[in-house]
Amino acid sequence: MIKTGYEAWVDEFEAERERRAALGDPEWGSPVDLAPEIIRSIQKFQVGEDGDGSALLRKADGAGDPAYREAVRLFIAEEQNHARMLALLLTAAGAPTLDGHWSDAAFVRLRRLLGLRVELLVLMIAEVVALAYYRALRDGAAHPLASGVAGRILADEERHVPFHCRRLHEGLRGLPRPARRAVTAGWRGLLACAGALVAIDHGPALRALGTSRRAFLAEVVRSSARAASAMADGPAPPAPAPVCGV
Ligand SMILES: [Fe+2]
Ligand SMILES: [Fe+2]
């Protein structure tokens, strides 16, 4: 049976959970040598990943679609797994986790005030920034444990973005096209501001990872264009199959 609703996303999240269980955790035993600026940066992202997701789950409940609610529950479990892995990575690097960070507290407070649609738009800002961040950490961390953890988280984030884009597209498609475009243009503007703030705050870590603030921000802006068009116009059609013999 072909599933076109959120049952397909539930299947995908569950398949991923089973794949994760079969793969097991990375080898946490060996000590990890990370530059202090990278540790400080990971500590802040660890706080951002950590949360019980109860407010989001309550709003997903209100959407009246049990399959969507279940997919959101599995999404939250993946985010909690990111926080867990980053905490273990910090332990391996001999560093503690932070109790909290003002930017995360402000972000959480803002999201609680919002309805599901606007909450997802705000959450998507964090998701798209995370894509660029974990890509930089995966490609730039000298230690295989750090780059391995970043690679695992990045693979999840790459699924989270189309998952939220689908729901946002459903939420926005009742609006006329110019209004949808205005919403996504505003979202891209906010995302560029958030990306710039993260680039400034994490600049020393990005440099230690072999990239620059400018390159990081360019990556955020590039990803935001793809996400915005998926929100406004729906998912891109699958790429055409390669022609035999070419
Ligand atoms: Fe995450
Ligand atoms: Fe995510």
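Atoms within each ligand, like the ligands themselves, are counted from 1 in listed order. Side chains included, hydrogens not; waters and symmetry mates left out as well; all remaining heavy atoms used.
Note on L98 and L137: separate hydrophobic clusters, where clusters join Ile, Leu, Val, Met, Phe, Trp and Tyr whose side-chain heavy atoms are under 4.5 Å apart, directly or indirectly.
In summary, E157 places an N/O/S atom under 2.8 Å from the Fe ion (ligand 1), meeting the contact criterion. Taking backbone and side-chain atoms together, D156 has no N/O/S atom less than 2.8 Å away from the Fe ion (ligand 2). Within the 2.8 Å limit, E79 places at least one N, O or S atom next to the Fe ion (ligand 2). The Fe ion (ligand 1) has no N, O or S atom of H160 under 2.8 Å away, backbone or side chain. For the Fe ion (ligand 1), the set of nearby N, O or S atoms under 2.8 Å includes none belonging to E127.
Taking the centre of each ring, F45 and H202 come in below the 6.0 Å mark.
By the 6.0 Å and 45° rule, R166 stacks over the aromatic ring of Y6.
In this structure a side-chain-to-backbone donor-acceptor pair under 3.5 Å is missing from R69 to A60.
When you scan the N, O or S atoms of E49 for the one nearest the Fe ion (ligand 1), you land on OE1. When the N, O or S atoms of H82 are ranked by distance to the Fe ion (ligand 1), ND1 comes first.
Heavy atoms only, all atoms of each residue included: I200 and R213 are closest at O-NH2, 3.2 Å. The minimum heavy-atom distance linking F216 with T211 is given by the pair N-OG1, 4.4 Å.
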